[in-house]
Amino acid sequence: MSRLRWTSRTIFLFAAIGSAVGLGNVWRFPYLAHKYGGGAFLIPYLSALFILGIPLLILEFAIGQKLQKGAIDAFRTVNHRLRGIGFGAVFSGFVVVVYYAVVMAWCLHYFVNSFQADLPWAGDAKGYFFNSVLQITDNIGTIGGINWPIFSALFVIWAIIYFSVWGGVKSVGKVVSITMPLPIILLIILFIRGITLDGSFSGIYYYINPDFKALYDPEIWLAAASQIFFTLSLGFGIMVAYASYNKETQDVAADAYTTAITNSAISLFAGFVVFAVLGYMAASTGVNVEEVVASGPGLAFVVFPEALSLMPWAPFFSAIFFLTLLLLGIDSAFSLVEAVNTVIVDRMGHVPVKRVAFYVCTLAFLMGSIFTTGAGLYFLDIVDHFVTNFGLVLVGIFECIAVGWIYKADKLRAYINKVSWRNTGRWWNVTIKFIIPPILILLVIIQFFKEIKTNYEGYPDWAIAIGWGVVVVPLLIAVILAIISKIEEKAVE
Ligand code: PHE
């Protein structure tokens, strides 16, 4: 059977950019930039983009497109014992989408609740988010009940994801032709709204004012490296799966540059939107911008809603904001599901995509219900912390070793140059073999020592153990897969 194909190269690029551009661009990048030296953060960020991000993206695109397989089978082709790398990637991806969809469900909840003259969170956005929306318990040990409104929203999100991926890349292609460009247009609307508010420029000043002394702090370089990793959706098997539906002759290098540069441009732009609004909020409540900055859920579901509620036309702009988040996030979410579906369909060619998609979505939805309990946010925080700090980075290290040393970087580069208009020089081999692995290993080691020094966020040991489980289980399985194939080979001999 011939492999499904994207309807066009543009649609593939929309899908890849759609996966890369997600909540991280809005709620993580601007905050990091502000925290780590403002405009000066661009130096480590762009260095990480060119040293780590683009070479790895070229690698993931090239391996998927050349071998025409999703992550597990692609690495199996490189070497039978390496299929665990692909497994680790899609395992991490599956874990991420389980909670990412829950965040989408919160966005949906806020979006629906924007359609009232008086926004329900006006005056107490914090209380609204933690008590009304999350119904959060006092600590992670108290699970509380399932929060049904969020559970229902989660169901809707999974229905949307299911109908996006049920036809494989054919249906994904149709959906991304809306979910990639539309949120960018909405961001532009929010930008115009933002900069026409009083105080917006002082907010933007906080975002870009460079502090070059910050560059002496090693932490800023690590932050830049892990942001690049996450924002380009590397280490999940997504880019491998997506590229596997391209024609073998597509220009891999150009696709990687286009995806990576567009994604970073959108991050930068989103920072202007976020800080314009924060500046307005600081000015209208008479505090310093420093006191209102936040990242992650705190930014999207507390600070921003508060700021939106202060604006003229509050319901309208809040609907636009949450719709933007939904559209930004949904194509990242289903890219993860598509990576999982791809490896399953590759393995069991006779099973229809629709059925695979249905089982994967149902399982992920059911597992996601844990994050809709009163302790959901705590679990989400832990799982997110461990997968993004360890899972992905480990996959990245193994990818580089597998391709650089076992498959041979030069062999893949010869393919890349055969199909690409612009030549990728020897620097790529050097980067994949000698530069990225030590950087990522260093990242893991530093993070590991931080982890064992104190429990992340002071969570109890059993909860931290769940976090480690998410990292260690796929690692163990990968090792077992490597050993089993040794035994299989022996048996053949
Ligand atoms: N790239 C996404 C972002 O920046 C994160 C993500 C990665 C989401 C992989 C889903 C899958 O938000």
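When a ligand or atom number is given, it counts from 1 through the structure's own listing order. Numbers here simply count residues along the sequence, with the first being 1. Any value given below was found using the heavy atoms of this structure, including those in side chains, with hydrogens, waters and symmetry copies removed.
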Would you mind checking which non-hydrogen protein atom is closest to [atom], with the distance to 0.1 Å?
atom	answer
atom 9 (C) of ligand 1	Phe236 CE1, 3.2 Å
atom 7 (C) of ligand 1	Ser233 OG, 3.4 Å
atom 2 (C) of ligand 1	Ala20 O, 3.5 Å
atom 12 (O) of ligand 1	Gly24 N, 2.7 Å

For the OH atom on Tyr257, are there more than 12 heavy atoms of other groups (residues, nucleotides or ligands in this structure) within a distance under 6.0 Å?
yes

Using 30° and 60° as the class boundaries, would you call the ring planes of Tyr206 and His34 parallel, tilted or perpendicular?
tilted

Parallel, tilted or perpendicular for Tyr378 and Tyr459, by the 30°/60° rule?
perpendicular

Considering residues at least two apart in sequence or located in another chain, which fulfil the side-chain contact (heavy atoms from CB on, under 4.5 Å) criterion with Leu363?
Phe94, Met367

Contact check, [X] vs ligand 1, heavy-atom distance below 4.0 Å:
X	value
Ile238	yes
Ala333	no
Val96	no

Of the backbone atoms (N, CA, C, O) and the side-chain heavy atoms from C-beta on, which set of Tyr100 has a member under 4.0 Å from an atom of ligand 1: side chain, backbone, both, or neither?
side chain

Please work out whether any backbone atom (N, CA, C, O) or any side-chain heavy atom from C-beta onward of Thr231 is under 4.0 Å from ligand 1, and answer side chain, backbone, both or neither.
both

Pairwise distance OG1(Thr259) to CG(Leu232) - rounded to 0.5 angstrom:
8.5 Å

Within 45° of the six-membered ring axis of Tyr245 and under 6.0 Å from that ring's centre, is NZ or CZ of Arg5 located there?
no

Atoms in ligand 1 with a heavy atom of [X] nearer than 4.0 Å:
X	result
Ser332	8 (C), 10 (C), 11 (C)
Leu23	12 (O)
Ser19	1 (N), 2 (C)
Phe230	1 (N), 2 (C), 5 (C), 7 (C)

Measuring centre to centre across the rings, with the benzene-like ring taken for any Trp, is Trp166 within less than 6.0 Å of Phe163?
yes

Residue of the set Tyr359, Tyr162, Phe371, Phe155 for which ring-ring contact (aromatic ring centres under 6.0 Å, His included) holds with Phe365:
Phe155

Examine the side chains of Ser19 and Ser332 and answer whether a donor and an acceptor come within less than 3.5 Å of each other.
no

